[in-house]
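Below is one structure; the comments refer to it alone.
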Amino acid sequence: MWRSGGAARRVLAADVHPRPSARPHLRPPPTGPEPPRDYAVPNGGWSDAMRRQYQRLLAMAATGAWARLPSYRSARQHLPGGCSPGKCVCWEGGVSPVSPVSPVSPVPPNPAPVPAEAPAAPGDTRLFLRAIEGAGVGFEYAMFLNATERRLLCLFQPGPYLEGHPGLTHGGAIAAIIDGTLGTCALAVAGKVMTANLSIDYLAPVPLGTAVLLDSHAERLEGRKVFLSCHVRSAEGDTLHAQATGLFIRLDPTEHRTREEDSGR
């Protein structure tokens, strides 16, 4: 079959210079799961006093004697490394020393409301102190550990969802943050523990939105028992709001591991 010269040249050109075939779509290599969000950093709900104290504690951490502890939403996010005296990566308080974070830039005082979330899926648990959504409305806190001194500081700001009497923090909320602070200190000293006794003297009410500092110390260890003390003072240190003592029991590693395996079946 005869073709015109122009058509023949077009066919020849197509044979000599074929069109490139379509290249397969290249996807970027997987980067793995995103790291969990650390809630122990300033947000839009933190007061100026809370931010100033946080920067002061960061400066202490920069000396190397203290370590800022990350705080995640779920207990499981604290578990990968286990826990042993002097070296802990465990559930909240979340003893997992990290290097100090850099100072943060100011954030608007009135952040946008957090949209409502879908109902929790099976197995989707949250730590009690991190269960309330919204910046500044619940438990806002950051912890700093001095493992050598067996001492832990917790900077705490109660939000409006923790109200008891009008304008004041509920006593149960204060007990919860004391328990979390003492428990984290005990974790750093003795490994996984559970609260056996908590005794609190409430001395002065804590106004909502004010920054207070919890100073906890592991006083002594007797076998599996860890005895601790805690003082809750205003950020400036001029008011003692509460004082407490706690007894925590170190869990038997074998028994605890068996219980965890049974619960996961």
Does Arg224 reach the main-chain N or O of Ile249 with its side chain, forming a donor-acceptor pair under 3.5 Å?
no

Counting N and O atoms only, with roles assigned by atom type, does the side chain of Ser216 sit under 3.5 Å from a partner on the main chain of Leu152, one being a donor and the other an acceptor?
yes

Are any of the side-chain heavy atoms of Thr210 and Pro207 separated by less than 4.5 Å?
yes

Please round to the nearest 0.5 Å and tell me the distance separating atom CG of Leu69 and atom OH of Tyr141.
10.5 Å

Short side-chain to backbone donor-acceptor contact, Asp38 and Ser71, under 3.5 Å
yes

Can a salt bridge be assigned to the pair Glu236 and Arg52 using a cut-off of 4.0 Å between side-chain N and carboxylate O?
no

Any side-chain to backbone donor/acceptor pair from Arg250 onto Met194? Under 3.5 Å, distance only.
no

Any donor-acceptor pair under 3.5 Å from Gln55 side chain to Arg51 backbone
no

How many angstroms lie between CZ in Arg126 and OG in Ser74, if you round to the nearest 0.5 Å?
10.0 Å

Spell out, yes or no, whether Val193 and Phe128 are grouped together once hydrophobic residues are joined by side-chain heavy atoms under 4.5 Å, including indirect joins.
yes

In plain terms, say whether Asp252 and Lys192 are close enough for a salt bridge, that is, a side-chain N and a carboxylate O under 4.0 Å apart.
no

Mind checking the CG-CE spacing from Leu214 to Met143? Nearest 0.5 Å is all I need.
8.0 Å

His241 side-chain N/O to Pro205 backbone N/O, donor-acceptor pair under 3.5 Å:
yes

Would you call Asp215-Arg151 a salt bridge at under 4.0 Å N-O?
yes

Minimum heavy-atom separation for Gly136 and Asn43, please, with both atom names.
N-OD1, 4.0 Å

Donor-acceptor pair, Thr169 side chain versus Val206 backbone, under 3.5 Å?
yes

Would you say the side chain of Leu145 lies within less than 4.5 Å of the side chain of Arg68, judging by non-hydrogen atoms?
no

Non-hydrogen side-chain atoms of Glu163 and Leu168 separated by less than 4.5 Å:
no

Under a 3.5 Å threshold, yes or no: a donor from one side chain and an acceptor from the other, between Ser47 and Gln157?
yes

Between the side chain of Gln53 and the main-chain N/O of Ala49, is any donor-acceptor distance below 3.5 Å?
no

